[in-house]
Asks: 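Just dropping this structure here.
These values consider heavy atoms only, across backbone and side chains, with no hydrogens, waters or symmetry-generated copies. Note on naming: letters A, B, ... go to the chains in the order of the sequence lines (proteins, then strands), and numbering restarts at 1 for each one.
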Number of protein chains: 2
Amino acid sequence: MPNTGQGRRGSYAKGVAKREEILTRALDVIAREGYRGASVKELAAAVGLSQAGLLHYFDSKEELFTEILRKRDEIDTSAFGDLDALPADVNGVRAGYLQVIRHNSEVPGVVELFSRLSVEAADPQHPAHRFFVERNAALRTVFARVLQQAQDAGRITDAIDPDTLARIVQAVADGLQLQWMLEPDVDMARTVDALFRALGDRQASADAREDDDHD
Amino acid sequence: MPNTGQGRRGSYAKGVAKREEILTRALDVIAREGYRGASVKELAAAVGLSQAGLLHYFDSKEELFTEILRKRDEIDTSAFGDLDALPADVNGVRAGYLQVIRHNSEVPGVVELFSRLSVEAADPQHPAHRFFVERNAALRTVFARVLQQAQDAGRITDAIDPDTLARIVQAVADGLQLQWMLEPDVDMARTVDALFRALGDRQASADAREDDDHD
DNA sequence: GTCTATATGTTGATAGAC
DNA sequence: GTCTATCAACATATAGAC
């Protein structure tokens with residue numbers, strides 16, 4: 001069982017390191033070259049292994065792809081900061097989230113992998129199911145917290161509860177990815193920002209006006 | 001070339017009728033039994049044909065699935081009314097759209113087919129690409145028109161333009177489908193309705209409060 | 001118009017040598 | 001740990017009989 005994820009007792013330290021390296025490189029390849037129906041064989045070649053060699057580290061293709069997305073989140077977190085650890089301020093979270101979205105606009109292959117797996121993970125038996133459920137919930141928790149604060153401060157609408165508001169923000173981001181894959185002209189970050197503005201965030205409005213001037 | 005879609009010169013009248021019947025039955029099967037990685041062979045059996053017999057009417061699997069979705073829209077339109085032909089009133093459009101969403105909640109297989117194809121259609125060469133692009137644009141046009149009216153009447157926020165607002169509404173609906181497939185407890189219709197409320201539609205708020213009482 | 005049979009191409013997974 | 005070789009399991013598309 002080579003795929004423990006965490007090295008039990010440290011004995012698989014090297015195997016784990018290699019596994020992490022594989023994931024990083026696979027993610028990089030998808031980011032640079034796109035996701036063109038990527039088969040295990042193609043990915044293997046891209047990371048310099050045979051298909052069997054790559055599958056030595058993962059139980060299945062589905063697990064491999066799930067772990068690639070996990071690595072993506074890990075890298076995004078270290079690059080743009082952990083939304084969860086940020087000062088629980090709506091503008092901090094908003095800015096961090098927009099950074100991630102802007103970055104996504106430059107890696108269509110990763111977005112496609114994400115969306116594709118997200119649909120396939122509908123099946124509770126799919127290895128990515130738990131990943132998506134937990135990821136979505138965690139993200140919404142962060143949103144809900146800062147949105148509630150903003151509501152308490154009277155800065156955004158309190159017509160609906162913060163949990164629903166958080167779900168809406170997440171749905172917009174996911175839905176925009178679908179629209180953007182179909183029509184790359186769609187500006188995901190600007191549209192999410194517009195949503196914040198529509199909800200009544202005065203600071204978001206001000207920032208957006210600044211962005212308009214600078215673009 | 002059996003798949004003209006419209007019977008040229010009427011000579012394929014019977015073939016076209018059969019084709020329509022196939023699509024209706026295929027849609028019905030997916031609605032009732034779900035989309036379980038449906039292959040052409042499975043669908044063929046479900047509609048009472050061999051795989052080759054079914055593909056006699058369509059160029060490819062992708063075209064078949066695209067046409068199934070087209071038929072879905074056709075049926076929804078005749079069942080719930082044509083959003084485009086409705087009185088251009090925000091509450092009429094909103095109510096009609098919510099009806100469609102509530103119906104979707106009862107046909108997970110159709111939603112899965114839609115989402116799956118939506119991702120695959122990212123490729124401009126995909127037979128469904130044009131379908132999705134045009135469908136999305138048409139829907140947004142309807143939304144944008146009534147949203148602008150609502151803005152003019154001071155009933156919803158005018159912090160952002162109607163086109164962006166329309167895009168947001170569409171993104172929420174699409175994104176909620178992804179969330180709902182992962183977690184069927186998600187109430188898509190109520191959340192979309194909440195969005196309208198958050199945007200400041202007073203009538204939506206009143207209706208929603210009524211709904212709460214009645215549930 | 002529909003079927004059977006098949007061509008042809010994948011894919012992911014595994015066994016076993018080194 | 002990595003490879004070669006091979007596998008079974010499909011898929012879609014097509015040819016040709018009826």
Asks: Might you list the N or O atoms of the protein lying below 3.5 Å from N or O atoms in nucleotides 16-18 of chain D, with each pair's distance?
Replies:
none

Asks: Looking at residues at least two apart in the chain, or sitting in another chain, which of them share a ring-ring contact (aromatic ring centres under 6.0 Å, His included) with F80(B)?
Replies: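 If we apply the ring-ring contact (aromatic ring centres under 6.0 Å, His included) test to F80(B), skipping adjacent residues, the hits are H103(B).
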Asks: Grab the NZ-P distance between K61(B) and dA13(D) for me, whole Å please.
Replies: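 Distance check: K61(B) NZ to dA13(D) P gives 9 Å.
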Asks: Within this structure, what is the OH-to-C1' distance between Y57(B) and dC3(C), rounded to whole angstrom?
Replies: 12 Å
Asks: For a quick test of reading the model: is some side-chain N or O of K41(A) closer than 4.0 Å to OP1 or OP2 of dA13(C)?
Replies: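 Answer no for this pair, as no side-chain N or O of K41(A) is under 4.0 Å from OP1 or OP2.
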Asks: Apply the test side-chain contact (heavy atoms from CB on, under 4.5 Å) to residues V110(A) and N104(A): give CA-CA distance (whole Å), side-chain angles for both, the deciding distance (0.1 Å), then the verdict.
Replies: CA-CA 8 Å; V110(A) 176; N104(A) 286 345; 5.5 Å; no
Asks: Which nucleotide in the list dA13(D), dT2(C), dT2(D) gets nearest to the side chain of S60(B)?
Replies: dA13(D)
Asks: Taking only residues at least two apart or on different chains, which pairs with a member in residues 116-128 of chain A satisfy salt bridge (Lys or Arg N to Asp or Glu O under 4.0 Å)?
Replies: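 Every salt bridge (Lys or Arg N to Asp or Glu O under 4.0 Å) pair that includes a residue of residues 116-128 of chain A, provided the two are not neighbours, is E112(A)-R116(A).
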Asks: Taking only heavy atoms on the protein side, list every residue of residues 43-53 of chain A lying under 4.0 Å from any atom of DNA chain C, sorted numerically.
Replies: Q51(A), A52(A)
Asks: Using atom CD of E63(A) as one end and atom C1' of dA13(C) as the other, report the distance to the nearest whole Å.
Replies: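 Value for this atom pair: 14 Å.
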Asks: How many Å lie between CG on L55(A) and P on dA5(D), as a whole number?
Replies: 18 Å
Asks: Go through it in stages, so that I can follow the logic: the residues are R140(A) and E183(B), the test is salt bridge (Lys or Arg N to Asp or Glu O under 4.0 Å), and I'd like the CA-CA distance, side-chain angles, deciding distance and then a yes or no.
Replies: CA-CA 14 Å; R140(A) 285 200 305 271; E183(B) 300 178 271; 3.8 Å; yes
Asks: Enter the distance from L147(B):CG to L199(B):CG here, rounded to the nearest 0.5 Å.
Replies: 7.5 Å
Asks: Does S39(A) put a side-chain nitrogen or oxygen below 4.0 Å from OP1 or OP2 of dT11(C)?
Replies: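 True: S39(A) side-chain N/O within range (under 4.0 Å) of dT11(C) OP1/OP2.
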Asks: Got a sec, which residues hit salt bridge (charged side-chain N to carboxylate O under 4.0 Å, His left out) with D161(B), two or more places apart in sequence or on another chain?
Replies: none
Asks: What is the separation between atom NE2 on H56(B) and atom C1' on dA15(D), rounded to the nearest whole Å?
Replies: 14 Å
Asks: Atom CZ of F58(A) and atom CZ of F65(A): how far apart are they, to the nearest 0.5 Å?
Replies: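 One finds 10.5 Å between CZ of F58(A) and CZ of F65(A).
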Asks: Between E120(B) (CD) and dT12(D) (P), how many Å, whole number?
Replies: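 One finds 11 Å between P of dT12(D) and CD of E120(B), rounded.
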Asks: Using whole Å, what does the distance between atom C1' of nucleotide dT14(C) and atom CG of L54(A) come to?
Replies: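 Distance, rounded to whole Å: 15 Å.
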Asks: So does I160(B) get a backbone contact from the side chain of T164(B), meaning a donor-acceptor N/O pair under 3.5 Å?
Replies: no
Asks: Taking only residues two or more places apart in sequence or in another chain, which ones pass side chain to side chain donor-acceptor pair (under 3.5 Å) with D163(A)?
Replies: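 Here no residue qualifies.
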Asks: E62(A) CD to dG12(C) P: how many Å, rounded?
Replies: 10 Å
